[in-house]
Amino acid sequence: MSRQLLMTEIEFLQKNLPLYLAHWPEGKNDWRPAPDFHTLFQLGVHLCALPSSATAILAGASDEEIMQWNQPLTEGDGVELLDLLDSGMYHL
């Protein structure tokens, strides 16, 4: 993936994720659309951690280091996810 394509995706997330997080359904962190899918919270963590992951990728981090950036939260809500997104955008 080129740097420009990566930045385009990150800018889309920066613009749209706060809108989705403003409507985070309280008490639904463990909801799964199907038994073998990630939970709503796991999906939120993945999406909000993408800017941090992009920073690690652009810095030449190993795959193991990048995976660590994708698992920064184990519980929380839309507020914590927005903080994660903002932190990643700051470092990018």
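Positions are given from 1, in the same order as the sequence printed here.
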Side-chain heavy-atom pair Phe41, Trp24 within 4.5 angstrom cut-off = yes

ask   = Can you tell if the side chain of Cys48 reaches within under 4.5 Å of the side chain of Leu82, non-hydrogen atoms only?
value = no

key: Residues forming a side chain to side chain donor-acceptor pair (under 3.5 Å) with Thr39, sequence neighbours excluded   = Gln42

query = Is there a donor-acceptor pair under 3.5 Å between the side chain of Thr8 and the backbone N or O of Gln4?
reply = yes

request  = Quick one: pull up CD in Glu80 and CG in Asn29 and give me the separation to the nearest 0.5 Å.
outcome  = 9.0 Å

message = In the structure I gave you, are the side-chain heavy atoms of Leu81 and Val45 within less than 4.5 Å of one another anywhere?
response = yes

Cluster overlap Leu13 with Leu58, hydrophobic side-chain contacts below 4.5 Å = yes

ask   = Glu9 side chain to Leu6 main-chain N or O, any donor-acceptor pair under 3.5 Å?
value = no

Pairwise side-chain contact, Leu40 with Pro33, heavy-atom cut-off 4.5 Å (strictly under) = no

ask   = Taking a hydrophobic cluster as the set of Ile, Leu, Val, Met, Phe, Trp and Tyr residues connected by side-chain heavy atoms closer than 4.5 Å, whether directly or through intermediates, do Trp31 and Leu47 fall within one such cluster?
value = yes

With sequence neighbours excluded, residues passing side chain to side chain donor-acceptor pair (under 3.5 Å) with Asp86 = none

request  = Output the distance between atom CG (Leu84) and atom OG (Ser52), rounded to the nearest 0.5 Å.
outcome  = 5.5 Å

